[in-house]
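Read through the structure below, which is laid out as structure tokens, and then see the notes.
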Amino acid sequence: MTIQTLTERYRSGETIFSAGDPADAVYVVEAGQVGVFGGGNGDGRPVAVLAAGEFFGEMAIVDGRPRSATVRALSDCRLITLNRRQIVSRMTAADPALRLLIRVLVDRLRRQVAPDRVGAPALADEIDATDHHRTIDRLKLEAELQIAVDNDQLDLHFQPIVDLTAHQLAGFEALIRWRHSTRGPVRPDLFIGLAEQSSLITAIDRWVLERAVAALARLRAVSTSGLPLFMAVNISARHLADPGLVDFVSETAGRAGIDPSMLKLEVTEGVVVNDWDVVDCLRACQGLGCRISLDDFGTGYSSLSYLSRLPIDVLKIDRSFVGAMLDDHRTMAIVRSIVGLSEGLAIPLVGEGIETARQLAVLTDLGCRFGQGYLFSKALPETEAMVLARGFRMP
Ligand code: C2E
Ligand code: CA
Ligand code: CA
């Protein structure tokens, strides 16, 4: 249910609330003026005159007490009201760290203005902070991640992607690694998720792009594959909205002497649908020569119509399908359909998460063009990826 914000009109002289009234709304003056009066009946001179854009009535929300003053319209006026339920529902939807901070501030304010009523029901008690410890831990991890980025403590590994028709190494996907000094390895989907909530993700994605492109130049120099190796790099949603990304990609590739056509930018389904700024950014990257790979295909958006409209050069079928296809005929049917879709659209498909020879055989028979997975190799540090580039053999 959506909760509507109400606008209320008051005539000059009308009372909005009186001292002693129960309180469950905050007001914002939209037009006109109101006067705040210390006494219960709104007589005498107002202690404050409030005009458009100003809030009143917020203290009663904070401490759960009846109104301590009377407010009267000094002219015809229009007010926006926000009731307690609306405030709590917005708060519940907010970032947990922000929620925790507001809860602390509201509680502190209440202790100052109404120390005698600390036990009374108040806004602070309605803001769910049961995840307090988790929130603190996430904030700590975010701070540590910032330090890791600043001090170059992240690592990049490379997982081979194989051409299943040519039986040759086709390229690598760059995958980030963070070995925390006390926590040990932190899973990338965990810390990337954290970084995506702040601007840290842009710094991380750029760091990855720079390292990945430089590594590609070294891997190509030793490669014995008959194919020109590419590098696939994951780009987060937030970064795709950054107008500086295209120039950054172009300059980074130029510095490493890599043609942008050897770069695949991996984006997830949800990101490209409905956001035209992102689509413009992807088209501009394509304009440089980069290819756009749609990652985790099949897990996100259910409409396929966007596939014909969006700049997509490669589809990556999610590893959950590959993992389950041999045990579940429905999943197998989905995999078949995705292979058919990629053929019909003439968009090559990468099968991700291939762990067994049987999965490889099935995907190859279906006509899946590329494969990636532990059967070939896990993501490797650069030195080991170099060994693989020198002499790759099909399993
Ligand atoms: P993803 O882009 O779907 O990456 C593929 C993930 O599948 C990697 O996990 C990889 O190690 C794993 N994988 C590959 N083959 C197999 C297999 O045969 N079996 C199984 N079980 N897993 C396999 P990883 O490295 O833990 O990365 C997880 C996610 O974190 C990535 O999913 C990606 O969304 C994100 N990520 C990783 N590195 C980066 C990065 O540099 N930048 C950004 N923005 N995101 C990244
Ligand atoms: Ca990926
Ligand atoms: Ca994936």
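No experiment lies behind these values; they were computed from the predicted model shown. Both counts, for ligands and for their atoms, begin at 1 and track the order of listing.
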- Message: Set out, in order, the CA-CA distance, both residues' side-chain angles and the distance that settles side-chain contact (heavy atoms from CB on, under 4.5 Å) for Leu375 and Thr356, then state yes or no.
- Response: CA-CA 6 Å; Leu375 179 66; Thr356 66; 5.8 Å; no
- Task: Please test Arg336 against Leu366 for side-chain contact (heavy atoms from CB on, under 4.5 Å), starting from the C-alpha separation and ending with a verdict.
- Result: CA-CA 7 Å; Arg336 267 206 201 91; Leu366 284 175; 3.6 Å; yes
- Taking it one step at a time, do Arg179 and Asp155 satisfy side-chain contact (heavy atoms from CB on, under 4.5 Å)? CA-CA 8 Å; Arg179 189 170 288 280; Asp155 232 339; over 6 Å; no
- Can Leu145 and Leu154 be said to form a side-chain contact (heavy atoms from CB on, under 4.5 Å), step by step? CA-CA 9 Å; Leu145 181 58; Leu154 298 172; 4.3 Å; yes
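Nearest to atom 31 (C) of ligand 1 among the protein's heavy atoms is Leu175 CD2, 4.4 Å. Nearest non-hydrogen protein atom to atom 44 (N) of ligand 1 is Asp205 OD1, 3.1 Å. With respect to atom 39 (C) of ligand 1, the closest heavy atom belonging to the protein is Ile176 CG2, 3.7 Å. The shortest contact between atom 21 (N) of ligand 1 and any protein heavy atom is with Glu355 OE2, 3.1 Å. Nearest non-hydrogen protein atom to atom 16 (C) of ligand 1 is Tyr374 CE2, 3.2 Å. Atom 34 (O) of ligand 1 has as its closest protein heavy atom Asn234 OD1, 4.7 Å.
Contact annotation: for Asp295 versus ligand 1, heavy atoms closer than 4.0 Å belong to the side chain alone. Residue-level proximity to ligand 1 for Gln159 is carried by the side chain, the only part with a heavy atom below 4.0 angstrom. Only the side chain of Glu173 comes within 4.0 Å of ligand 1, counting heavy atoms alone; its backbone N, CA, C and O stay farther away. Proximity of Asp318 to ligand 1, defined as any heavy-atom pair under 4.0 Å, is not found for any part of the residue. With a 4.0 Å cut-off on non-hydrogen atoms, Glu352 touches ligand 1 through its side chain and not its backbone. Counting heavy atoms closer than 4.0 Å to ligand 1, residue Arg187 contributes nothing at all.
Without hydrogens or angle criteria, Asp296 side chain to Thr299 main chain gives no donor-acceptor distance under 3.5 Å. Between the side chain of Arg291 and the backbone N or O of Ser261 there is at least one donor-acceptor pair closer than 3.5 Å. At least one donor-acceptor pair under 3.5 Å links the side chain of Asp318 to the backbone N or O of Ser320. Side chain of Arg9 to main chain of Asp76: no donor-acceptor pair is present (N/O by atom type, distance under 3.5 Å, no hydrogens or angles).
Every atom of ligand 1 is numbered from 1 in the order shown, and the set under 4.0 Å from a heavy atom of Gly373 is 15 (N), 18 (O). Within ligand 1, the atoms closer than 4.0 Å to a non-hydrogen atom of Asp296 are 3 (O), numbered from 1 in the order shown. Atoms of ligand 1 lying under 4.0 Å from any heavy atom of Val208, numbered from 1 in the order shown and given with element: 41 (O). For ligand 1, the atoms sitting less than 4.0 Å from at least one non-hydrogen atom of Asp189 are 30 (O), numbered in the order shown with element in parentheses.
Hydrophobic clustering of Ile, Leu, Val, Met, Phe, Trp and Tyr side chains at less than 4.5 Å, counting indirect connections, unites Ile292 with Leu341.
A tilted orientation is assigned to the rings of Phe392 and Phe376, their planes being inclined by 30° to 60°. The aromatic rings of Phe17 and Tyr27 sit tilted relative to each other, their planes meeting at an angle between 30° and 60°.
The Ca ion (ligand 2) has no N, O or S atom of Ser293 closer than 3.0 Å.
Using a non-hydrogen distance threshold of 4.0 Å, His157 does not register as a contact of ligand 1.
For Arg319, a nitrogen or oxygen atom sits less than 3.5 Å from a nitrogen or oxygen atom of ligand 1, counting backbone and side chain alike.
Listed by chain and number, the protein N, O or S atoms at a distance under 3.0 Å from the Ca ion (ligand 3) are Asp295 OD1, Asp296 OD1, Glu352 OE1, Glu352 OE2.
For Arg255 and Glu210, the salt-bridge test passes: some basic side-chain N is under 4.0 Å from an acidic carboxylate O. At a threshold of 4.0 Å, the pair Asp295-Lys264 does not count as salt-bridged, since none of the basic side-chain nitrogens sits closer than that to a carboxylate oxygen. A salt bridge links Arg206 to Asp242: at least one charged side-chain nitrogen sits closer than 4.0 Å to a carboxylate oxygen.
Closest heavy-atom approach to atom 27 (O) of ligand 1 among the candidates Ala174, Ala379, Pro188, Gly371: Pro188.
As for Glu173, its N/O/S atom nearest the Ca ion (ligand 2) is the one called OE2.
Heavy atoms of other residues, nucleotides or ligands lying less than 6.0 angstrom from CZ of Arg183 number more than 12.
Scanning all heavy atoms of the two residues, the minimum distance from Ala379 to Leu175 falls at CB-CD1, 4.0 Å. Annotation for Gly44 and Phe37: closest pair O-CE2, 3.3 Å, computed over non-hydrogen atoms.
Per-atom contact check: atom 9 (O) of ligand 1 does not touch the protein, criterion being a heavy-atom distance below 4.0 Å.
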